[in-house]
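Have a look at the structure below before the remarks.
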Amino acid sequence: MPYDPARDPLRGLAASLSSPARNLALLAPSDTADLDPYAKAVWVYVPEDVSGGVATVRVTPVGAGDAQTVDIRALPGLQPLPPVQVRRVWATGTSAGISLYALSDR
């Protein structure tokens, strides 16, 4: 069944950090490619059996320079990363075996 705008009560809502995301996509970390579009938010699922019990997600925020990265630690379970727009999730420095989801407005 195709998208039906008549059934979407939020279709006219302006895009903002506090508005609900319009798209959710599984993302693959990359050391060379930025996200397209940049993520409004990123959620991470860390399985119980991740090495050491804590995962690391290395990101570059939208406003940061190309060489700037931030390592964010995540405990097992499904959780949002801190509320910041992300333009790249790095393969190097990001724990293996986790699932990452990008939220965006398009």
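Computed from a predicted structure; not experimentally measured.
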Legend entry - Side-chain touch L35/Q85, heavy atoms, less than 4.5 angstrom: no

Legend entry - Shortest non-hydrogen contact from G93 toward T56: O-CG2, 3.3 Å

Legend entry - Sidechain-backbone polar pair: K40 side chain, S19 backbone, donor-acceptor under 3.5 Å: yes

Inset, instruction - Using the rule that two of Ile, Leu, Val, Met, Phe, Trp, Tyr join whenever any of their side-chain heavy atoms come within less than 4.5 Å, decide whether V89 and Y38 are in one cluster. - result: no

Inset, instruction - Just jot down the side chain to side chain donor-acceptor pair (under 3.5 Å) partners of R87, sequence neighbours excluded, or say none. - result: D34, D66

Inset, instruction - Measure the shortest side-chain to side-chain distance between V42 and V59 over non-hydrogen atoms and say whether it is less than 4.5 angstrom. - result: no

Inset, instruction - Tell me whether V62 is reachable from V84 by hopping between hydrophobic residues (I, L, V, M, F, W, Y) whose side-chain heavy atoms are closer than 4.5 Å. - result: no

Legend entry - Closest approach of D105 to P20 (non-hydrogen atoms, all atoms of both residues): OD1-O, 3.6 Å

Legend entry - Donor-acceptor pair, side chain of R7 and main chain of D4, under 3.5 angstrom: no

Legend entry - Side-chain donor/acceptor of N23 to backbone N/O of S104, under 3.5 Å: no

Legend entry - Co-members of the apolar cluster containing Y101 [side chain, <4.5 Å]: L24, L26, W43, Y45, L78, L103

Inset, instruction - Of all the heavy-atom pairs spanning A39 and A102, show the shortest one and how long it is. - result: CB-CB, 4.0 Å

Inset, instruction - Please tell me if the side chains of L75 and V54 come closer than 4.5 Å, counting only heavy atoms from C-beta onward. - result: yes

Inset, instruction - Would you indicate whether the side-chain heavy atoms of L100 and T94 approach each other to under 4.5 Å? - result: yes

Inset, instruction - Compare all side-chain heavy atoms of I98 with those of P47 and state whether any distance is below 4.5 angstrom. - result: yes

Inset, instruction - Would you please test V86 and L81 for side-chain contact (heavy atoms from CB on, under 4.5 Å) and show each step? - result: CA-CA 10 Å; V86 172; L81 295 186; 5.5 Å; no

Legend entry - side-chain hydrogen bond (donor to acceptor under 3.5 Å, both in side chains) partner of W90, the single match among T32, T60, T69: T60

Legend entry - Pairs involving residues 53-63, ordered by first then second residue, that meet salt bridge (Lys or Arg N to Asp or Glu O under 4.0 Å) (sequence neighbours left out): R58-D71

